[in-house]
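Sequence lines set the chain letters: A, B, ... in the order given, protein chains first and strands last, and positions in each chain run from 1.
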There are 2 protein chains.
Amino acid sequence: MHATGGPAARPTSRDVARAAGVSQSTVSLVLGGKWTGRVSPATAAVVQDAAGRLGYRPNRAARSLRLGTARTVLFLVPSIVPFFGAVYDGAARVAARHGFGVVLYPWPDGAGPAGSPFAASEEAIDGVLVSSVGPDVPAGFGGLPLVLLDSDPAGPVPTVAFAVEDGMRAVVAHLAALGHRRFGHVAAALDQWTFHARGAALAAAVDALPGGSWTRAAAALDVAAARDAAGALLDGPSRPTALVCDDDVMAAGAYKAARLRGLAVPGDVSVTGFDDEQLATALEPELTTVRLPAGDLGARGMTALLDLLDGRRPASVALPGALVVRASTAPPR
Amino acid sequence: MHATGGPAARPTSRDVARAAGVSQSTVSLVLGGKWTGRVSPATAAVVQDAAGRLGYRPNRAARSLRLGTARTVLFLVPSIVPFFGAVYDGAARVAARHGFGVVLYPWPDGAGPAGSPFAASEEAIDGVLVSSVGPDVPAGFGGLPLVLLDSDPAGPVPTVAFAVEDGMRAVVAHLAALGHRRFGHVAAALDQWTFHARGAALAAAVDALPGGSWTRAAAALDVAAARDAAGALLDGPSRPTALVCDDDVMAAGAYKAARLRGLAVPGDVSVTGFDDEQLATALEPELTTVRLPAGDLGARGMTALLDLLDGRRPASVALPGALVVRASTAPPR
DNA sequence: ACCGGCGAGTCATACGTATTACTTGATGCG
DNA sequence: CGCATCAAGTAATACGTATGACTCGCCGGT
């Protein structure tokens, strides 16, 4: 009982030192872990005991100031959706293993580093991970080490991407094997590399197909916009027998467009998605789509960033996806 | 041209002072904004110009250390889904207006403050916002100011919640008006206040209904689990004519269970959701559900937390939701 | 002529940590 | 015995900022 109501403030290393009867430097030495040969095991034990008893935890601001490092990286994502949650998990797991924290920041419009949300956490970070950016790659990020995810691996910045071309090629091959020749591409009107790549890969794959042809309609990444875009394709001069969508959400819109016209999926028109989100199995019929290893993306990206922080220069890589065939694709009528 | 390749390191306030020909304190005063009557406008202009030219931005760690405050709050969410993205946006908007940043942290299992992900960012924060927790409310959060979101407003901690009871009552009233009397509750098996409240509200509303009866099946918050739970209800001794689901995702599972049994929605069985996520309009038929003002939740929660930081004690409030009637509800056969 | 007061800055310091350089007493060795 | 070595720890310092205490002219009033 401290009748005086002593200071209940958070203990500092000096408080621990006082409690252990040693100097502050000794505390720092012991708790820093590098004390072999400098402090006797007995004293170290006393210090550790005192620290535990007081519930001491080092002040992060002071440590950052002293070391010039925060052991924290910033993770910028275009939106708060489960896909990026999975990416985050992968990244955070690797980071934790190295004593780093990961701060998640939604960064919708791809505004520059001066964008106000970023400015808020500007200085307490050692590196940046940015996911799903467009072709105007931020070459450097305020001078901070930078790794891109799900972006153009051919750029100057180290990047971990998906092998989008392979995924799209697998989609087209699957549909072609079923007998489809006329494709409609329901494209996402977002300026992100991954969507540019999906579009280019589709075009290349269909063009390489004897008798293959395709049309395209772009829309915002939501159900209603995708429904209208898919409708425009279905109403076009030569109706596609398969709608290839840039994303599972857009595929939901394609379903709606088909139903509105009395067309059955997959009887009258096949539909494919991309990403394999939870939605894919919520839809009826369940959606044929491409599963992307989101956790791996985060893990590999964080590994690359940590390499960069250590002065090594990581190479860009592309992770393979996998076609998941469900019930939304069938031979054309 | 500095032929010597001078230090390209980030400039400090002392560098600015040197460039402006004043002392470091003057720089700090000017840039701090509180210089009226202490510094002449002419000098202030010179300082601001120099700071701009050098691209000076204050070191956050040093400022935190000096002020004992980080102007940053931690926002813990159970999962990375669009709903919490909207909550975050509301919170971040209010925070930015007061010069605060918001750090988002996924906190899946509701582990204690000692949970490793939290520990990583432990010290650079002034307060905590926690969303959607269970009954074992963390009374204090390592001594940090705390506000709960979407949690029990009757607890000791200031809380901003939704008026879940009203929402669920509206659902039951809507279905009752259509003629439904036998309800099935597809419940989320998560230990969060909001789901407990939804269940209790449903029971109360149906029990108050003459001739009303209900059964319940709980499941994890995913499509497949909900499908099985809903199936169990539909296969029960007295088949419900309406399935009330704790969440839109579970409603998708209810759709599947109905289809598997050859039952039409809403012809043979009505289905309702909760939250009004994007999924609600992706489903066929579109889902009758309860829209919750997620952005407001974040904004009000942040306002309450800022009040708390200022020494005021905010009151707990509950925000009203709104029933959105779509195509998944109809009179029973 | 002297002093109070004020405008315009500067000096010095503290925040809490990590680390380098130093002290101190004991021991080993020739 | 004298000196180097060593173990065990401590004193001092720097990181970059914000701010209370202080200085230094200068002007107005009596």
Side-chain angles (χ1 to χ4, degrees), chain A residues 7-48 50-51 54-72 99 119 122-126, chain B residues 7-48 50-51 54-72 99 122-126 143:
Chain A
R10 147 179 252 103
T12 74
S13 61
R14 216 173 307 264
D15 295 327
V16 175
R18 202 155 16 225
V22 298
S23 76
Q24 181 268 332
S25 1
T26 304
V27 172
S28 191
L29 247 22
V30 169
L31 268 36
K34 305 275 184 179
W35 52 276
T36 349
R38 307 244 341 196
V39 178
S40 76
T43 313
V46 170
V47 169
Q48 273 160 346
L54 296 185
Y56 169 76
R57 282 176 318 184
N59 179 314
R60 208 173 167 75
R63 174 177 288 184
S64 291
L65 180 58
R66 177 66 229 254
L67 297 183
T69 183
R71 292 196 90 71
T72 300
E122 96 203 331
E123 185 49 27
I125 55 177
D126 299 326
Chain B
R10 143 178 257 108
T12 76
S13 62
R14 217 174 305 265
D15 295 328
V16 175
R18 205 158 9 229
V22 298
S23 76
Q24 181 268 331
S25 358
T26 304
V27 172
S28 190
L29 285 174
V30 170
L31 269 36
K34 306 275 185 182
W35 52 276
T36 349
R38 305 245 338 198
V39 179
S40 76
T43 314
V46 170
V47 168
Q48 274 161 345
L54 296 184
Y56 169 75
R57 284 176 318 184
N59 180 314
R60 208 173 167 75
R63 173 177 290 181
S64 291
L65 178 58
R66 176 66 226 254
L67 297 184
T69 181
R71 292 195 91 71
T72 300
E122 99 202 329
E123 186 48 26
I125 55 176
D126 301 324

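When distances are taken from the side chain of B:V39 to each of D:dG9, D:dT17, C:dG9, the shortest belongs to C:dG9. Which of D:dT10, C:dG16, D:dT17 sits closest to the side chain of B:S13 comes down to D:dT17. When distances run from any side-chain atom of B:R38 to the nucleotides C:dT17, D:dA21, C:dT20, the shortest one goes to D:dA21. Side chain of A:S28, nearest nucleotide from D:dT17, C:dT17, D:dG9: C:dT17.
The 5' end of DNA chain C is approached more closely, in terms of each residue's nearest nucleotide, by B:S40 than by the other of B:L65 and B:S40. Checking B:L29 against B:L67, the closest nucleotide of DNA chain C that is more toward the 5' end is the one next to B:L29.
In this structure, the side chain of A:R57 does not engage the main chain of A:R10 through any donor-acceptor pair within 3.5 Å.
Distance NZ (B:K34) to P (D:dG20): 12 Å, rounded to an integer number of Å. Nucleotide C:dG16 holds its C1' atom 11 Å from the CZ atom of A:R63, rounded to whole Å. Taking atom CH2 of residue B:W35 and atom P of nucleotide D:dG20, one finds them 18 Å apart after rounding to whole Å.
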Note to self: The test is side chain to side chain contact (heavy atoms under 4.5 Å, CB included); show your working for A:V22 and A:V46 and say whether it passes.
What the structure shows: CA-CA 9 Å; A:V22 298; A:V46 170; 5.8 Å; no
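Among the atoms of the strands shown, none is found under 4.0 Å from any heavy atom of B:S64.
Side chains of B:Y56 and B:L31 form a contact here, defined as non-hydrogen atoms less than 4.5 Å apart. Using a 4.5 Å cut-off on side-chain heavy atoms (C-beta onward), B:V39 and B:T26 make contact.
There is no side-chain donor-acceptor pair under 3.5 Å between A:S25 and A:S28.
Contact annotation: A:T12 does not reach the phosphate of C:dC15 (side-chain N/O to OP1 or OP2, under 4.0 Å).
The stretch residues 14-26 of chain B touches DNA chain D through B:R14, B:Q24, B:S25, each having a heavy atom within less than 4.0 Å of the strand.
In this structure, OG1 in B:T69 is found 11.0 Å from CD1 in B:I125, a value given to the nearest 0.5 Å. Rounding to the nearest 0.5 angstrom, the gap separating the CG atom in B:D15 from the CD atom in B:Q24 is 10.5 Å.
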